[in-house]
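None of the values given here were measured: they were computed from a predicted structure.
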Amino acid sequence: EDRFCKNVYDDYTKYKYFFRCMPLNSSTLGGQLAAYLGYLKSYLWGAHSINFTEVAFIHENLDWVNASIDRLQVALPALLGMNIVDRIGFPQNEPSSSFPAYHVQLNASGAQVVIPIISSTGGAYLAGTYGAVQPNYLIVGINVPSQLGTHWVSTSTMCEYEVTLQVAY
């Protein structure tokens, strides 16, 4: 979290041995995701004449997520001309049965791209229910469970419909 990094600046004597190597802090992660969405937007336009402007968020209600979304809420409209049409937060222990309704809500919002910021099993539930609902949007974002070798099986092969951000620093 950014607040931990701020502690070093505010009280160096106390926190001088606090080091953060990975993962990236939350606002940097939001910046990386904004940059990737900019790349994707230009790629889809240049290669396929597809333009997207309507985006929505789905995320866990966790403190670390807020800085990422704060950064995206500024960057996406200002730098990429995107409109944020919906935002769904859910508890980290949300059951899989909730996710089809989330897809229906996001689809009804007119989102063309849905941006997940998820670190728990909700990521597998989001990807795993996408194929059954077949909404008219692309999932592009941070889905930590997608980094696992078991993601294909845990989503019943439905993760083929998502694009996830893997950051290398």
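Taking 4.5 Å as the limit, every side-chain heavy atom of V85 sits out of range of all side-chain heavy atoms of Q112. Here the side chains of L76 and I115 are in contact, with some heavy-atom distance below 4.5 Å. Between I118 and Y125 there is no side-chain heavy-atom pair separated by less than 4.5 Å. Using a 4.5 Å cut-off on side-chain heavy atoms (C-beta onward), V55 and L80 make no contact.
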- request: Kindly determine whether L40 and L138 satisfy side chain to side chain contact (heavy atoms under 4.5 Å, CB included), including the steps that lead there.
  value: CA-CA 11 Å; L40 182 64; L138 180 63; 4.2 Å; yes

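Proximity of the aromatic rings of F52 and Y137 is defined here by a centroid distance below 6.0 angstrom, and this criterion is not met.
In this pair, Y39 and Y36 present their aromatic rings tilted. The plane angle is within the 30 to 60° band.
Using modelled atom types, one side-chain atom of E60 and one backbone atom of S120 make a donor-acceptor pair closer than 3.5 Å. Proximity of a side-chain donor or acceptor of H48 to a complementary backbone N or O of Y43 within less than 3.5 Å is not detected. Checking side-chain atoms of N51 against main-chain N and O of W45 turns up no donor-acceptor pair under 3.5 Å.
Atom NE2 of H59 sits about 12.5 Å away from atom CG of L126, to the nearest 0.5 Å.
The salt bridge (charged side-chain N to carboxylate O under 4.0 Å, His left out) search around D11 returns none, not counting sequence neighbours.
Grouping Ile, Leu, Val, Met, Phe, Trp and Tyr residues whose side-chain heavy atoms lie under 4.5 Å apart, directly or via other members, places V133 in a hydrophobic cluster with V104.
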